Peer 1: 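Pasting a structure below so you can have a look.
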Number of protein chains: 2
Amino acid sequence: MVSLQAMRLAQDGVLTSNCPSRVVLDHLTSKWGVLVLSALADGTLRWGELRREVDGISEKMLAATLRTFEADGLVHREAYPEIPPRVEYSLTALGREAAEALGPLLRFAVEHAEEIVG
Amino acid sequence: MVSLQAMRLAQDGVLTSNCPSRVVLDHLTSKWGVLVLSALADGTLRWGELRREVDGISEKMLAATLRTFEADGLVHREAYPEIPPRVEYSLTALGREAAEALGPLLRFAVEHAEEIVG
DNA sequence: CCACCAACTTACCAGAAGGTGGGTACTCTC
DNA sequence: GAGAGTACCCACCTTCTGGTAAGTTGGTGG
């Protein structure tokens, strides 16, 4: 099942303009969403590690993306009340599913980048 | 292979801020990119059909998205010099690969929409 | 006493994304 | 001869995205 039409056979009216799946799609395909989720795909990372892992992201955007995903239940935030502060981010079960769904997309982008940009 | 780190083991420096794969990712995850590609996933569609299929898209954005994908070699545009004009859009082989890569993402969004938005 | 660390937040601002409403060209129908 | 249908393009304007830079907190090292 890959096409819009096929999905609509299974569930009528899905992915229309006011369908909740559109919101989920928007969050996942936000500028930094794919990258942040993929960075967390193989384990817990601290704030600073994430910032280094996702090359080019600003602090503001990292915070915003993480907040969205936390509210969506895709990312778990664990704060340790130490000095200096330490906060660890990891994927929830749902987040891991999302990351897996993004895998093929990431692979396609990497494999065909030269071909397409050229 | 799902994570950033895993992809970087295979290819160093991939998906950094000036990597071509970032551009491809941006095109595919543009607001209407996923929807347009998925709409074309099971066959050729005319301009008007696409507009109806991708609920909520404006003419301007449909044109822009199609132009980008045509330039990227993902979409084929076939114009028939008839009256009234007829233009058919379809996926290239590369475009079909892209659509397949987007399938899991689409499915995840639909399946977990209620869970996440709620 | 001052700077520094982490992990943020906030204010400000530029530029891009994207919507609206118009126009085009041609012909066929009413 | 008025209107509809098709596949667009263009100018204008608004909204939103996202970057930069500064401030915050509470201790700790120099």
Side-chain angles (χ1 to χ4, degrees), chain A residues 15-19 22-37 39-40 43-72 75-91, chain B residues 15-19 22-37 39-40 43-72 75-91:
Chain A
L15 285 166
T16 48
S17 54
N18 47 5
C19 178
R22 279 283 184 91
V23 177
V24 176
L25 211 53
D26 277 352
H27 291 183
L28 290 177
T29 64
S30 68
K31 174 153 187 185
W32 300 104
V34 180
L35 267 353
V36 167
L37 239 30
L40 287 171
T44 297
L45 289 177
R46 297 182 58 177
W47 167 271
E49 293 171 327
L50 258 174
R51 194 155 155 44
R52 260 166 274 131
E53 194 68 24
V54 182
D55 189 43
I57 197 171
S58 68
E59 298 199 330
K60 175 182 166 181
M61 279 301 111
L62 180 53
T65 307
L66 285 171
R67 252 183 282 131
T68 301
F69 285 150
E70 203 194 342
D72 286 348
V75 162
H76 174 70
R77 177 180 189 276
E78 186 82 38
Y80 299 88
E82 308 169 350
I83 300 292
R86 182 164 59 100
V87 180
E88 293 187 343
Y89 294 93
S90 56
L91 295 182
Chain B
L15 285 166
T16 48
S17 53
N18 46 6
C19 177
R22 280 283 185 89
V23 178
V24 176
L25 211 53
D26 277 352
H27 291 183
L28 290 177
T29 64
S30 67
K31 174 154 188 183
W32 300 105
V34 181
L35 268 354
V36 167
L37 240 29
L40 287 171
T44 298
L45 289 176
R46 298 181 57 173
W47 168 270
E49 293 171 327
L50 257 175
R51 194 155 154 44
R52 262 168 272 129
E53 194 68 24
V54 182
D55 190 43
I57 196 172
S58 67
E59 298 200 330
K60 176 182 167 182
M61 279 302 110
L62 180 52
T65 307
L66 285 171
R67 251 182 284 134
T68 301
F69 285 149
E70 204 195 341
D72 286 348
V75 162
H76 174 70
R77 177 179 188 277
E78 185 83 37
Y80 299 89
E82 307 170 350
I83 300 293
R86 182 163 60 99
V87 180
E88 293 187 341
Y89 294 92
S90 56
L91 296 183

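Everything numeric in this text was worked out from a predicted model, so none of it was measured. To find a chain, count down the sequence lines: A is the first, B the second, and so on, and within it residues start at 1. Heavy atoms only: backbone and side chains are in, while hydrogens, waters and symmetry mates are out.
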Peer 1: Check every strand shown and say whether B:Tyr80 touches a base, only sugar-phosphate, or nothing at a heavy-atom separation below 4.0 Å.
Peer 2: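 No contact at all - B:Tyr80 keeps every heavy atom at 4.0 Å or more from the nucleic acid.
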Peer 1: Work out which heavy atom in A:Thr16 is nearest to a heavy atom in A:Arg22; give both atom names and the distance.
Peer 2: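 So the minimum-distance heavy-atom pair works out to O-CG, 3.3 Å.
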Peer 1: Give the nucleotide from the list D:dA7, D:dT6, D:dC9 with an atom nearest to the side chain of B:Trp47.
Peer 2: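 Side chain of B:Trp47 sits closest to D:dA7.
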Peer 1: If you assign each of A:Pro85 and A:Gly56 to its closest nucleotide in DNA chain D, which residue comes earlier from the 5' end?
Peer 2: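 Closer to the 5' end of DNA chain D: A:Gly56.
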Peer 1: If you check the A:Ser58 side chain, which of D:dA7, D:dT20, C:dC8 turns out closest?
Peer 2: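 Minimum distance to the A:Ser58 side chain belongs to D:dT20.
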Peer 1: Using whole Å, what does the distance between atom C1' of nucleotide C:dA16 and atom CG of B:Asp26 come to?
Peer 2: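 Going from CG in B:Asp26 over to C1' in C:dA16 covers 12 Å.
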Peer 1: Nearest whole angstrom, please: distance from the P of C:dT20 to the CG of B:Leu62.
Peer 2: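 Distance, rounded to whole Å: 15 Å.
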Peer 1: Which whole-number value in Å describes the distance from A:Lys60 NZ to D:dT20 C1'?
Peer 2: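 It works out to 9 Å between those atoms.
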Peer 1: Which is true for B:Arg77 with a 4.0 Å heavy-atom rule: it touches a base, it touches only sugar-phosphate, or it touches nothing?
Peer 2: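 Here B:Arg77 touches the backbone only, sparing every base.
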Peer 1: Rounded to whole angstroms, how far apart are CE on A:Met61 and P on D:dA21?
Peer 2: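 In whole Å, D:dA21 P lies 16 Å from A:Met61 CE.
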Peer 1: Flag the pair B:Leu62 / B:Leu50 as yes when at least one side-chain heavy-atom distance between them is below 4.5 Å, and no otherwise.
Peer 2: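 Yes, at least one pair of side-chain atoms sits under 4.5 Å.
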Peer 1: Does A:Arg67 reach a base, just sugar-phosphate, or nothing at all? Heavy atoms under 4.0 Å.
Peer 2: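 Counting heavy atoms under 4.0 Å across all strands, the contact made by A:Arg67 is with sugar-phosphate only.
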Peer 1: Does the side chain of A:Arg86 get closer than 4.0 angstrom to OP1 or OP2 of C:dA6 through an N or O atom?
Peer 2: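 So the side-chain polar atoms of A:Arg86 never come under 4.0 Å of the phosphate oxygens OP1 or OP2 of C:dA6.
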Peer 1: Between C:dC5 atom P and A:Glu82 atom CD, what is the distance in whole Å?
Peer 2: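 That distance rounds to 18 Å.
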Peer 1: Taking the side chain as C-beta and beyond, is there a heavy-atom pair between B:Val36 and B:Ile57 under 4.5 Å?
Peer 2: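 Heavy-atom side-chain distance check passes, below 4.5 Å.
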Peer 1: Of A:Asp72, A:Thr68, A:Thr65, which is the lone residue that meets side chain to side chain donor-acceptor pair (under 3.5 Å) with A:His27?
Peer 2: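 Exactly one option meets the side chain to side chain donor-acceptor pair (under 3.5 Å) with A:His27, and it is A:Asp72.
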Peer 1: Which nucleotide in the set C:dG19, D:dC9, C:dA6 lies at the smallest distance from any side-chain heavy atom of B:Trp32?
Peer 2: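 For the B:Trp32 side chain, the nearest candidate turns out to be C:dG19.
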Peer 1: In whole Å, I'd like the distance from the CZ atom of B:Arg51 to the C1' atom of C:dT20.
Peer 2: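 Answer to the nearest Å: 12 Å.
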Peer 1: Tell me the interatomic distance from A:Glu70, atom CD, to C:dC8, atom P, rounded to whole angstroms.
Peer 2: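 From A:Glu70 CD to C:dC8 P: 9 Å.
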Peer 1: D:dG18 C1' sits how many Å from A:Asp55 CG, rounded?
Peer 2: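 It is 16 Å, rounded to the nearest whole Å.
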Peer 1: Do A:Lys31 and D:dG18 share a donor-acceptor pair, side chain to base, under 3.5 Å?
Peer 2: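 Between D:dG18 and A:Lys31, which were checked side chain against base, a qualifying N/O pair under 3.5 Å is absent.
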Peer 1: Give, for atom CZ of B:Arg46 and atom OH of B:Tyr89, the distance between the pair rounded to the nearest 0.5 Å.
Peer 2: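 So the gap between those two atoms works out to 11.0 Å.
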